[in-house]
Amino acid sequence: MANNNILEVENLNVHFHTDEGIVRALNGVDFKVERGEAVGIVGESGCGKSVTSTSVMRLLPGVGEIAAGTIKYYDKNKKQHDIINLKADGEHMRSIRGPEMSMIFQEPMTAFSPVHTIGNQIMEKLLYHEDIDKDEARRKALELLKKVGISKPEQRIDEYPFQYSGGMRQRAMIAMGLACEPQLLIADEPTTALDVTIQAQVLKLIKKMQADYNLSLILITHDLGVIAHMVDYVNVMYLGRVVESGPVEEIFDNPAHPYTQDLLKSIPRMTGNEGKLASIEGAVPDAYSLPKGCPFHTRCRKKIGEVCERAYPERQEISADHYVNCYLHQDLGDK
Amino acid sequence: MSKFIMHRLLFMVVTLVIISILSFIIIQLPPGDYLTSYITQLRSMGTDVSDEQIEYLREQYGLDDPVYVQYFKWIGNFLTGDMGFSFSWNRPVNELVWERLGLTLVISISSLLFTWIVAFPIGIYTALRQNSLSDYFFTFLSFIGVATPNFLLALVLMYVSFKYFGINVGGLFSPEYADAAWGIGKITDLLQHLWIPVVVVGTAGTAGLVRIMRANLLDELGKPYVITAKSKGIPNYKVILKYPVRIALNPFISTLGWQLPKLISGSTITAVVLSLPTTGPLLLDALKSQDMYLAGSFIMLLSVLTVIGTFISDILLALVDPRIRYV
Ligand SMILES: Nc1ncnc2c1ncn2[C@@H]1O[C@H](COP(=O)(O)OP(=O)(O)OP(=O)(O)O)[C@@H](O)[C@H]1O
Ligand code: SF4
Ligand SMILES: [Mg+2]
């Protein structure tokens, strides 16, 4: 069977070595992205969404260590790259970062350098990877800015980030992400910092760019409402693990994991109970000392009993492409 | 930008006028006018001063005019380079000042360059190697550097070089060159003496700057825009030099102008200890002996440099930080 995946992440473990001890941020993350597909990663704050994406880009800070796992990336020519075994700042990894995969960040204000023009920062990427001169790079940058819907790009290109509005900055960030025509775009909470009205516009733009450039997309968010319209496949993360994954309709119609079910309940509805966000009860355990067994057992309403505290539940396929790690969906036999 | 500069220029002129009035008041502070003391001094030295001569001098300095006229005469002279007369040196003030200015600038600029050339690379290096052995080593060194008073370091260096190398390093020249004309020999001699004041004046500054540069850079290194730049596939060293280092340097570039007055007056104590013929000790003497024309002119000169320095700093700040330029 021909492999149509662009990214395969298996058993990814990431630790942070801090003064207070080791933070086990990721404890075996599994997910994959098919070529041209949009995949969502959802979960509460601190569950490891950003760590997952920065690991894929090999942009973890110095204290972060990939302790185990594999990350396989398949480039434009379907050649396989073993991301974990590349040097983070090596030439090989850097030839992937930019022309193959690129990233859009949550806070467009701080993600741009405040003292360089937007044009300078976009052109830098083009000039570094492509064999073109400054005029050509500028022409391409202008084209990109126009493409993402920035008016008067000839004037805007020489302006600084603080002269842009929040929404425009994120558009410029998307333009920069699209420079060098990458295959895989990772958007880490691209709209969290924006006004609600602007959020919809930016999401629409990302969706359009995905179609126009035939991109594979990883959309990270803690907002399941955003996920519904944007992606084909959803991964639900809890405490450094993917606990449930499946096609987007499946997740919304038949959520199998108690955590996913709680997340869905917490989506604010536009009718009734306005502004009342049903949040999941209990605090997220801290990442220094993870609970044994199923990590959700400290908050789970459907906890079966002692079995949930013994070992991590194995992954079960409960319908086509729909996986869950929960004892509710395992034949417990005489355990 | 031009509006910004005009605004600052106007501000500068107003400040300078106020400062000149203050300097003039300082000159006028001692009881009696300076001519009286001048004549007393001349007479005490046995010079005969006739009444016509006194009258002539009174007229020339306008001492019978109202105070504001005197002020305008003084400031007018000041602007043309005539800063009045020093009674304790018995020479025109501007001669005294210019004579020492050259050497002062040599020492100050050398120390400033020394400070920056040593401090910035070490600051950047220790920030990038945070908590490594070399970081701790330089941190230790710079704490010692910051904590050692300059004059103490000067004394120690003088003692050591005299005791072990038999060189007397006080002053800027060996006796045989002190009054000699400029030539290769004198320049070599100057360089042999120069390193001590440069090291002494530069050490504390270097140590402080290493700490500041390291802290500034550490602040910037974890910023999201650094990760963005790396996400574009640009090599680390290029990213670090273009973004965080540039931004960590901004405060220094923008305060460059403030070094201007320090170049002239700085490190007086060190200069006294090392008996350097610079402007610092001159100002100190002037204040001690109530040589008011010398002191007043000095204060005026330093203030002018401070104001000009601030002006330059403002412009530089606007140049390096677009957020200020566009307000
Ligand atoms: N530099 C770091 N040093 C130590 N711990 C870290 C570091 N970065 C992340 N972590 C830890 O890793 C875990 C996951 O963090 P991550 O940023 O991936 O969360 P997230 O899911 O992206 O949350 P959010 O929705 O708030 O962005 C957290 O427990 C966090 O404390
Ligand atoms: S394994 Fe047990 S504790 Fe964990 S989610 Fe399932 S039922 Fe709840
Ligand atoms: Mg995050």
Side-chain angles (χ1 to χ4, degrees), chain A residues 19 50 53-54 56-63 87-117 120-130 158-163 173 176-177 179-180 182 185-186 188 193, chain B residues 1 4 124-136 214 216-255 314-327:
Chain A
D19 293 340
S50 298
S53 58
T54 39
V56 170
M57 296 282 289
R58 293 302 305 277
L59 290 172
L60 283 175
V63 291
K87 252 184 87 194
D89 188 44
E91 202 161 321
H92 190 160
M93 189 61 222
R94 283 188 290 101
S95 72
I96 294 174
R97 222 185 278 139
E100 287 288 342
M101 47 168 103
S102 78
M103 199 158 169
I104 298 171
F105 298 88
Q106 175 172 349
E107 234 309 329
M109 184 69 208
T110 53
F112 275 116
S113 156
V115 300
H116 296 84
T117 62
N120 175 318
Q121 298 183 57
I122 298 177
M123 283 160 62
E124 178 188 36
K125 184 177 177 189
L126 290 161
L127 284 167
Y128 187 75
H129 291 290
E130 296 181 5
D158 294 319
E159 291 186 352
Y160 293 88
F162 70 90
Q163 293 170 288
M173 179 60 72
M176 189 158 84
C180 304
L185 186 68
I186 304 177
D188 189 352
Chain B
M1 185 77 184
F4 175 83
I124 294 172
Y125 178 81
T126 50
L128 295 180
R129 296 261 177 288
Q130 191 192 4
N131 297 334
S132 69
L133 206 63
S134 43
D135 181 25
Y136 290 138
R214 179 179 178 276
N216 279 4
L217 191 54
L218 279 179
D219 265 357
E220 294 300 324
L221 278 178
K223 292 261 171 87
Y225 67 83
V226 180
I227 300 174
T228 312
K230 285 184 184 170
S231 82
K232 292 188 272 188
I234 316 287
N236 272 357
Y237 76 93
K238 275 196 183 178
V239 168
I240 287 169
L241 288 181
K242 177 172 176 182
Y243 297 100
V245 167
R246 156 77 202 279
I247 292 176
L249 276 178
N250 275 1
F252 299 109
I253 299 172
S254 59
T255 53
D314 285 349
I315 304 257
L316 285 174
L317 189 63
L319 281 180
V320 295
D321 193 338
R323 283 168 293 189
I324 291 170
R325 207 184 314 156
Y326 284 92
V327 177

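Each chain gets a letter, A, B and so on, in the order its sequence line appears, and its residues count up from 1.
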message = Before you tell me yes or no, could you show the steps for B/N250 and A/V115 under side-chain contact (heavy atoms from CB on, under 4.5 Å), namely the whole-Å CA-CA distance, both residues' side-chain angles and the distance that decides it to 0.1 Å?
response = CA-CA 10 Å; B/N250 275 1; A/V115 300; 4.0 Å; yes
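- Of the listed residues A/M103, A/Q121, A/M57, the one with more heavy-atom pairs under 4.5 angstrom with chain B than any other is A/Q121.
- Residue contact with chain B, scored on non-hydrogen atoms closer than 4.5 Å, involves the side chain of A/M176 exclusively.
- B/I234 and A/Y128 get closest at one heavy-atom pair: CD1-CB, 3.7 Å.
- Rounding to the nearest 0.5 Å places OG of B/S231 at 10.0 Å from CD1 of A/I104.
- For the atom pair B/D321 CG and A/F162 CZ, the distance stands at 7.5 Å (nearest 0.5 Å).
- Between the CG atom in B/N131 and the CG atom in A/D19 there is a gap of 7.5 Å [rounded to 0.5 Å].
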Please output the side-chain donor-acceptor pairs of residues 218-227 of chain B that fall under 3.5 Å, not counting sequence neighbours, one pair per line with the distance.
{"unit_1": "B/E220", "atom_1": "OE1", "unit_2": "B/Y225", "atom_2": "OH", "d": "2.4"}
{"unit_1": "B/E220", "atom_1": "OE2", "unit_2": "B/K223", "atom_2": "NZ", "d": "3.2"}

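- Only the backbone of A/F112 has a heavy atom closer than 4.5 Å to any heavy atom of chain B.
- For the set A/Q163, A/H129, A/E124, A/M93, the count of heavy-atom pairs under 4.5 angstrom toward chain B peaks at A/E124.
- Chosen from A/M173, A/E107, A/R97, the residue pairing most often with chain B at heavy-atom distances under 4.5 Å is A/R97.
- At a 4.5 Å heavy-atom cutoff, the contact between A/P114 and chain B is made by backbone and side-chain atoms alike.
- For B/N236, the side-chain contact (heavy atoms from CB on, under 4.5 Å) test picks out A/D89, B/K230, with sequence neighbours left out.
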message = For a side-chain contact (heavy atoms from CB on, under 4.5 Å) check, start with the C-alpha distance between B/K232 and A/R94, then their side-chain angles and the critical distance, and finish with the verdict.
response = CA-CA 8 Å; B/K232 292 188 272 188; A/R94 283 188 290 101; over 6 Å; no
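- If you tally non-hydrogen atom pairs under 4.5 Å between each of A/G98, A/G62, A/A111, A/S102 and chain B, the highest count goes to A/A111.
- Contact annotation for B/K242: both backbone and side-chain heavy atoms come within less than 4.5 Å of a heavy atom of chain A.
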